[in-house]
**Q** 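This is the structure I have questions about; it appears just below.
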Amino acid sequence: MKKDDLLQVQIEDIGSDGQGIGKVDGMTLFVKDTIIGDLVEAKVMKMKKTYGFARLMKVLQPSPYRVTPKCPVAKQCGGCQIQEMDYAEQLAFKENKVKNNLMRIGGFAEKEIPMEPVVGMDDPWRYRNKAQFPIGRDKNGNIVAGFYAGRTHSIISNRNCYLGVEENREILDIVIAHMEQYDIDPYDEVTGKGLMRHVLIRYGFTTKEIMVCLVCNGAQIPYTEVLCETLSHVPGMTSISLNINREKTNVILGNKVKTLWGQSYIEDYIGNVKYQISPLSFFQVNPVQTEKLYSLALEYADLKGEETVWDLYCGIGTISLFLAQKAKQVYGVEIIPQAIDDARNNARINGITNAEFYVGKSEEILPQKYRDEGAFADVIVVDPPRKGCDEALLSTILQIAPKRVVYVSCDSATLARDLKFLCSQGYKLERCRAVDQFPMSVHVETVVLLSQQKPDDTIEIDLDLDELDATSAETKATYQEIKDYVLKEFGLKVSNLYISQIKRKCGIEVGENYNLPKTENPKVPQCPKEKEDAIKAALKYFAMI
Ligand code: SAH
């Protein structure tokens, strides 16, 4: 097989960038613009040892799942990778992708994966609350707004993206008309000249508030008041601002924002929690599915009101604030300081006082809080970026041993890797569900519930211990009596775990439940010497040793 060969390929899978994948003579071929089920003719463009890339020449037999894309520039634009696939099939593909990764990378058997039906959208269009349109010129010198063609920096003109809200078009029309009228140049990436770089639009799905942020290679837009006046008539307009970005960079936003008209932020809700969103804030882009995703995380966390919960990789605290409504105390950890500022502000405007936030790496903050302050958790929630959780964090989770771990993941491959680790150390995969946050793209979010399988030293086994104790001939005093004695005589509080450890040390038979877990768990806290002496004194007092 070599370059320029024409081949027939049966497409059987989709790659991570959305290209169709087929096999010919044992070689894997990636063919863009094809979908599972297509039989196509493709021309080999590039061959490696075991795989290659081919260009679609002709669809010989269309897949039963092939549909006509709604968007006329779907092929050129890099945004939608699988718009040509029927939505029901997109969902099936995503659910399968999660399941396959759990099997292939996580090592779970199919029957061990409690997959619940994927959560899709009723209407998978116009779901994004944020759009960033680059502004430039086309071949004929006309000002255009649109999207970068896949992997390039040439702008495909499109003011009506079907993933964004209808209002985007009207706003772009106004901005471009203003530029034309006052001879304002769009920014030119090559020369670094020109003013208007991007138009960022955010829309509050619940509040209907609109924010427009004009990203400029300069601090001033000619006839700003005229532009603001026109834009302010768009229903819902709440905030118009200027973002200054003079760098020659791919990064869209600069650090400086000037409010030109209205407020500096818009507000929106996820569930009944309100969020203030400014041009630089991170906010989930699909609020409808985010609510479903976080409600699921909350359901999996199964909070009764007395729990201490850690939310790691918390961003602006979206999940934390959701959980805080049902938990006793929530702690959030996030690496970006501004996101934590937003999280604290959002807690404040919602009157939520039981959520505390820390800036730093999850894999540093949690171990440190555990080591120095004995941090505890009934439930730990993680929502890491694509690379998944750091191993130092996973190890600390095992040490803290919360009853439940809820893992929200945007990459099921790293999810599978992390679950493999946690499930080899005493956790069990209880529930698992994919949520489609990004219809028309290959991305899929997953929520997983893990439960702790080991006995622990919490109150739940207190009763068991005493009941079992009563059957032991050698036992004279109950755990409570030993605790009371130690507190009275030594001023020390001791746990059932410590008492059982010392009893075992002294050769007193202890019930089944206190035997160490089957897999030796080195992380069980060990009774300190001072408490050991006090417990021994109590055992002597009660004539048990
Ligand atoms: N749960 C959040 C978003 C999670 S996205 C929400 O709903 O808003 C992942 C977050 O992890 C990002 O905000 C990113 O800044 C943060 N992050 C990345 N690496 C991190 C680390 N090592 N420790 C803590 N946070 C990290």
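All ligand and atom numbering here is 1-based and tracks the order in the structure. All values below come from the heavy atoms of this structure, side chains included, with hydrogens, waters and symmetry mates left out. Residue numbers count from 1 along this sequence.
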**Q** For atom 2 (C) of ligand 1, what's the nearest protein heavy-atom neighbour? Residue, atom name and distance, please.
**A**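 I find the closest protein heavy atom is C314 O, 3.4 Å.
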**Q** Taking distance alone, with N or O pairs closer than 3.5 Å, would you say I319 contacts ligand 1?
**A**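 So ligand 1 has no N or O lying under 3.5 Å from an N or O of I319.
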**Q** Starting from atom 23 (N) of ligand 1, find the nearest protein heavy-atom neighbour and note its residue, name and distance.
**A**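 The closest heavy atom on the protein side is S362 N, 2.9 Å.
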**Q** Can you pull out the closest protein heavy atom to atom 1 (N) of ligand 1? Residue, atom name and distance to 0.1 Å, please.
**A**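 Ranking protein heavy atoms by distance from atom 1 (N) of ligand 1, first comes D383 OD2, 2.8 Å.
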**Q** With the threshold set at under 4.0 angstrom, would you say Y294 reaches ligand 1 through any of its heavy atoms?
**A**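 Y294: in contact with ligand 1 (<4.0 Å).
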**Q** Could you check atom 22 (N) of ligand 1 against the protein and tell me its nearest heavy-atom contact, residue, atom and distance included?
**A**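 Heavy-atom neighbour on the protein nearest atom 22 (N) of ligand 1: E363 OE1, 3.1 Å.
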**Q** What protein heavy atom sits nearest atom 15 (O) of ligand 1, and how far away is it?
**A**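 Its nearest protein heavy-atom neighbour is E334 OE2, 2.7 Å.
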**Q** How are the rings of F438 and H443 set relative to one another: parallel (under 30°), tilted (30 to 60°) or perpendicular (over 60°)?
**A**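 Perpendicular: the ring planes of F438 and H443 meet at over 60°.
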**Q** Using a 3.5 Å distance criterion without hydrogens, assess whether the side chain of N286 forms a donor-acceptor pair with backbone atoms of R128.
**A**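 Between the backbone of R128 and the side chain of N286 there is no qualifying donor-acceptor contact (under 3.5 Å).
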**Q** Which atoms from ligand 1 have a heavy atom of Q284 less than 4.0 Å away?
**A**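 Answer, ordered by atom number: 6 (C), 7 (O).
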**Q** Look at ligand 1 and say whether P385 reaches it with a heavy atom at a distance under 4.0 Å.
**A**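 The answer is yes, since P385 has a heavy atom less than 4.0 Å from ligand 1.
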**Q** Among all protein heavy atoms in this structure, tell me which lies nearest to atom 21 (C) of ligand 1, with the distance rounded to 0.1 Å.
**A**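 Nearest neighbour among protein heavy atoms for atom 21 (C) of ligand 1, to 0.1 Å: Y313 CE2, 3.6 Å.
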**Q** Is there a polar contact between ligand 1 and K361, counting only N or O atoms under 3.5 Å apart?
**A**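 No; the residue has no nitrogen or oxygen that sits under 3.5 Å from a nitrogen or oxygen of the ligand.
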**Q** Heavy atoms only, cut-off 4.0 Å: how does F282 contact ligand 1, side chain, backbone, both, or neither?
**A**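 For F282, the contact with ligand 1 is made by the side chain alone.
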**Q** Could a heavy atom of G360 be found less than 4.0 Å from some atom of ligand 1?
**A**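 Distance cut 4.0 Å: G360 passes for ligand 1.
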**Q** Look at atom 17 (N) of ligand 1 and say which protein heavy atom is nearest, naming residue and atom and giving the distance to 0.1 Å.
**A**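 Atom 17 (N) of ligand 1 sits closest to the protein heavy atom I335 CG2, 3.6 Å.
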**Q** Taking the ring of F147 and the ring of F133, is the distance between their centroids below 6.0 Å?
**A**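 Yes, the ring centres sit under 6.0 Å apart.
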